[in-house]
There are 4 protein chains.
Amino acid sequence: MAQDVQRSPERAKRLPRPVREKQILDAAVEVFSRHGYHLASMDEISDVAGVSKPMIYSYLGAKEELFGHCVRRESQRLLEAVRDGVRADVPPDMQLWHGLRSFYGFVAAYRESWIVLHRHALTAGGPFAEEITALRARAVALVRDLVVSAGTERGLASQAEFSGEGMAAALVGAAESLADWWLDHPDVADGVLASWLMNLTWLGFNDLVEGRVWRPTEPAE
Amino acid sequence: MAQDVQRSPERAKRLPRPVREKQILDAAVEVFSRHGYHLASMDEISDVAGVSKPMIYSYLGAKEELFGHCVRRESQRLLEAVRDGVRADVPPDMQLWHGLRSFYGFVAAYRESWIVLHRHALTAGGPFAEEITALRARAVALVRDLVVSAGTERGLASQAEFSGEGMAAALVGAAESLADWWLDHPDVADGVLASWLMNLTWLGFNDLVEGRVWRPTEPAE
Amino acid sequence: MAQDVQRSPERAKRLPRPVREKQILDAAVEVFSRHGYHLASMDEISDVAGVSKPMIYSYLGAKEELFGHCVRRESQRLLEAVRDGVRADVPPDMQLWHGLRSFYGFVAAYRESWIVLHRHALTAGGPFAEEITALRARAVALVRDLVVSAGTERGLASQAEFSGEGMAAALVGAAESLADWWLDHPDVADGVLASWLMNLTWLGFNDLVEGRVWRPTEPAE
Amino acid sequence: MAQDVQRSPERAKRLPRPVREKQILDAAVEVFSRHGYHLASMDEISDVAGVSKPMIYSYLGAKEELFGHCVRRESQRLLEAVRDGVRADVPPDMQLWHGLRSFYGFVAAYRESWIVLHRHALTAGGPFAEEITALRARAVALVRDLVVSAGTERGLASQAEFSGEGMAAALVGAAESLADWWLDHPDVADGVLASWLMNLTWLGFNDLVEGRVWRPTEPAE
DNA sequence: AATGAATGAGTTTTCATTCAT
DNA sequence: TATGAATGAAAACTCATTCAT
């Protein structure tokens with residue numbers, strides 16, 4: 001049978017720097033996702049990483065900088081996941097569809113990353129609010145482009161009932177909210193979530209394009 | 001002759017307890033909304049309230065409890081604002097419409113309260129996540145009832161493309177996201193936001209009800 | 001019999017702020033003089049002061065600022081001691097004489113202050129080197145004025161063998177060095193030290209004034 | 001053809017031990033003189049030396065010991081410089097004159113060494129204060145012997161106005177102070193400094209020898 | 001009722017120092 | 001020999017919280 005691993009609990013084995021950096025980042029994401037930025041302690045991170053605090057400081061900087069590394073790595077991951085999932089040679093609705101599926105794929109695969117990005121990065125203070133806002137802005141812009149291109153190509157005049165950016169913001173929020181909801185209902189398949197969103201929003205959008213508009217049936221006070 | 005009032009210069013005037021509590025809560029909401037739970041300091045709150053720290057502790061408890069009071073008061077306000085805006089004797093879409101307008105009315109009137117509830121309550125740690133989640137769950141349930149009643153009364157069988165709760169969660173998220181977006185685009189009228197949402201989602205929902213369904217145009221791998 | 005003092009060793013009695021500030025400064029000077037800036041710990045200072053660390057930070061700032069307060073207070077003391085000891089209506093030599101006596105009086109009365117100023121302030125890093133250099137420059141300038149006035153009034157042309165500033169610097173250094181020496185020979189009276197200095201330097205200076213010059217008896221190299 | 005040397009790029013060449021030790025000591029003196037003992041970091045020393053930290057520890061010991069090596073080497077240098085400059089077969093004043101010139105020669109040639117010895121060794125804590133005090137005591141004793149021999153040979157009875165040791169201490173302090181002053185006025189020739197000192201102090205000393213004494217013109221309170 | 005004065009307890013951060021290769 | 005990798009230990013500092021007046 002396989003020989004028991006040599007456990008020298010006192011001193012960590014010597015490992016090349018990139019490996020240690022990954023270990024530390026993984027631990028940091030885990031702890032930050034569990035407690036949030038402020039309640040996470042460097043002590044716990046170093047425990048989870050199996051590495052002493054000075055290593056963390058030496059490799060990835062102080063707490064704020066460490067958090068920054070986490071946010072950047074996970075943002076990158078999310079962007080790449082979505083970008084890789086979307087094909088440019090299909091109609092806008094299918095692009096959106098693929099994008100949503102990729103997004104939920106990411107959320108499923110990197111639950112903790114998503115929690116850090118979505119729940120904790122905004123309240124950490126420092127420059128992170130801006131980074132996250134920028135990330136979100138990219139997502140909104142992407143969706144807006146899809147929506148607008150789909151609209152204009154079919155002659156959607158600019159109406160009061162329509163706003164590419166506003167609707168994109170709404171859609172992104174809906175997708176995020178559903179992701180949150182999903183965390184508590186994990187038995188739903190990711191494709192189903194995406195399907196709900198498409199049916200809820202894209203159909204409505206199509207109606208708009210075709211001139212059907214919802215208006216309040218009585219004067220709004 | 002001039003009456004020689006005993007002037008103890010810095011000493012706050014004796015005020016009835018409810019007035020003091022309001023002062024403190026207002027200050028707390030302001031400070032919490034500005035810095036978030038963890039970065040807000042009791043010192044700053046007492047400064048802004050114009051009241052010494054021991055008063056805060058004696059009237060409203062420790063930091064966590066104080067934050068709880070804030071969250072509860074503002075939740076209450078939000079719920080009442082929406083409840084008061086909605087009339088039960090109109091069709092579901094109009095109920096939703098009124099609810100949305102009331103919601104945005106609240107966000108406009110109580111910007112700071114909204115920020116505390118939406119952005120900071122989840123990351124405070126402690127029991128607040130649950131309180132906020134409960135509040136949100138109430139909102140989702142409300143919307144879900146609207147959606148479901150509108151659906152069933154028109155014979156919407158349960159399809160894979162439909163989920164009352166899921167869609168309600170999505171809609172609530174969309175509304176919140178638009179509220180956030182609004183904070184950076186304050187020149188848009190609140191009715192317009194509500195209108196966008198109605199058109200984006202309700203029309204799509206109507207399509208569903210009437211049997212129009214969006215499906216991917218190619219097998220989703 | 002006298003009632004035993006109420007000793008509540010845990011919590012310090014409530015005292016007005018200025019009193020506490022003095023306590024803290026005294027303790028800080030003691031500890032800084034004993035260990036120097038870097039080896040002094042805030043913990044020890046708070047112990048010696050009989051006050052918790054947060055009070056120190058709240059009243060007198062962080063370590064560097066605290067040290068600054070010490071340096072400034074003791075500089076002030078030294079300057080005042082010398083200024084008060086010197087009378088303007090006497091000849092330059094007597095002014096110097098009185099200044100020296102006052103200086104040694106200060107060193108005797110405030111041994112620790114002198115050690116902080118002379119030995120530790122220069123190596124603390126930060127802005128203290130400059131403060132101390134400035135203090136010393138003031139002393140040198142004072143002495144230089146005495147020397148120069150004494151010299152010019154008796155027609156001392158500028159010779160290579162003479163430099164008001166240089167000699168003042170030398171004299172100040174001699175005085176300081178003797179102060180150090182005194183720390184290890186405390187049985188010498190302060191007036192004696194001043195007398196030595198006057199005889200060593202002022203007589204020589206008088207010689208210069210009267211045209212007697214020392215020159216090497218063989219070509220320098 | 002180009003010889004493909006095995007290049008292990010960062011690895012320092014194997015060097016004989018004394019060379020390495022010199023490298024390290026030079027770097028240490030540089031860094032200590034720049035930052036003082038406490039603010040100097042072993043990291044910076046190893047950087048400047050171009051040698052890894054474990055080498056330093058293995059060759060010259062821990063920080064305190066390393067500093068000790070620096071202090072001893074530079075003390076030695078200073079002593080030798082002065083000793084080599086002084087000739088025993090000349091009158092005392094000329095011996096002093098040569099000693100001073102040698103001293104200033106050393107300060108000019110080994111600025112950093114002087115700074116370490118004069119400014120930083122006293123505040124390092126540990127045994128260095130004593131070493132430096134001992135060094136200084138040797139200098140004082142040397143000067144005292146000169147002074148005393150010059151005095152006794154010309155029949156200077158022990159008067160209150162005279163003290164071989166005290167005056168030597170003063171003279172040494174004056175010389176040091178002038179060395180400091182020189183650091184900020186580098187355009188003065190070293191011979192000039194020595195000349196100032198001789199004229200300031202030696203003439204005065206001669207006066208003493210010849211019975212001229214300075215006394216306060218009014219009773220010293 | 002109201003507060004200035006005071007602190008316990010915890011955190012981040014930075015060294016000098018040493019393994020293990 | 002020579003070093004990158006690793007850490008123990010201790011420092012400064014900052015809160016929320018409470019006592020005594």
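Model, not experiment: these values are computed from the prediction. So you know, we letter chains A, B, ... as the sequences are listed, proteins then strands, and number each from 1.
Atom pair D/Glu21:CD and F/dA2:P shows a separation of 12 Å (rounding to whole Å applied).
DNA chain F lies under 4.0 Å from at least one heavy atom of each of the following residues of residues 55-70 of chain A: A/Met55, A/Tyr59. For DNA chain F, none of the residues of residues 23-46 of chain D falls under the heavy-atom distance limit of 4.0 Å.
Remark: the B/His35 side chain and the B/Glu44 side chain contain an N/O donor-acceptor pair separated by less than 3.5 Å.
Contact annotation: D/Arg17 does not reach the phosphate of F/dT1 (side-chain N/O to OP1 or OP2, under 4.0 Å).
Between B/Asp43 atom CG and B/Ile56 atom CD1 the span is 9.0 Å, to the nearest 0.5 Å. Expressed to the nearest 0.5 Å, how far CD1 of C/Ile24 lies from NZ of C/Lys53 amounts to 13.5 Å. The distance from the CZ atom of D/Arg73 to the NE2 atom of D/His69 is 11.0 Å, given to the nearest 0.5 Å. Atom OG of A/Ser52 sits about 11.5 Å away from atom OH of A/Tyr57, to the nearest 0.5 Å. Taken from NE2 in C/His38 to OG1 in C/Thr123, the straight-line distance is 6.0 Å, to the nearest 0.5 Å.
Taking a pair as Watson-Crick or G-U wobble with both distances under 3.5 Å, the runs of three or more consecutive pairs in DNA chain F are E:2-21 with F:2-21.
For B/Phe67 against B/Ala124, the heavy-atom pair with the smallest separation is CE2-CB, 3.7 Å.
Counting distance only, with no hydrogens placed and no angle test, the side-chain atoms of D/Lys53 and the base atoms of E/dT17 include a donor-acceptor pair under 3.5 Å.
Figure legend: cation-pi geometry between B/Lys63 and B/Tyr37, with NZ or CZ positioned under 6.0 Å from the six-membered ring centre and within 45° of its axis. Geometrically, A/Arg20 does not engage A/Tyr59 in a cation-pi contact defined by less than 6.0 Å to the ring centre and at most 45° from the axis.
Listed nucleotides E/dT3, F/dT3, F/dA6 differ in distance to B/Val51; the shortest reach to its side chain belongs to E/dT3.
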How far apart are the C-alpha atoms of A/Gln23 and A/Val51, what are their side-chain angles, what is the distance that settles it, and do they pass the side chain to side chain contact (heavy atoms under 4.5 Å, CB included) test? CA-CA 9 Å; A/Gln23 273 185 13; A/Val51 154; 3.9 Å; yes

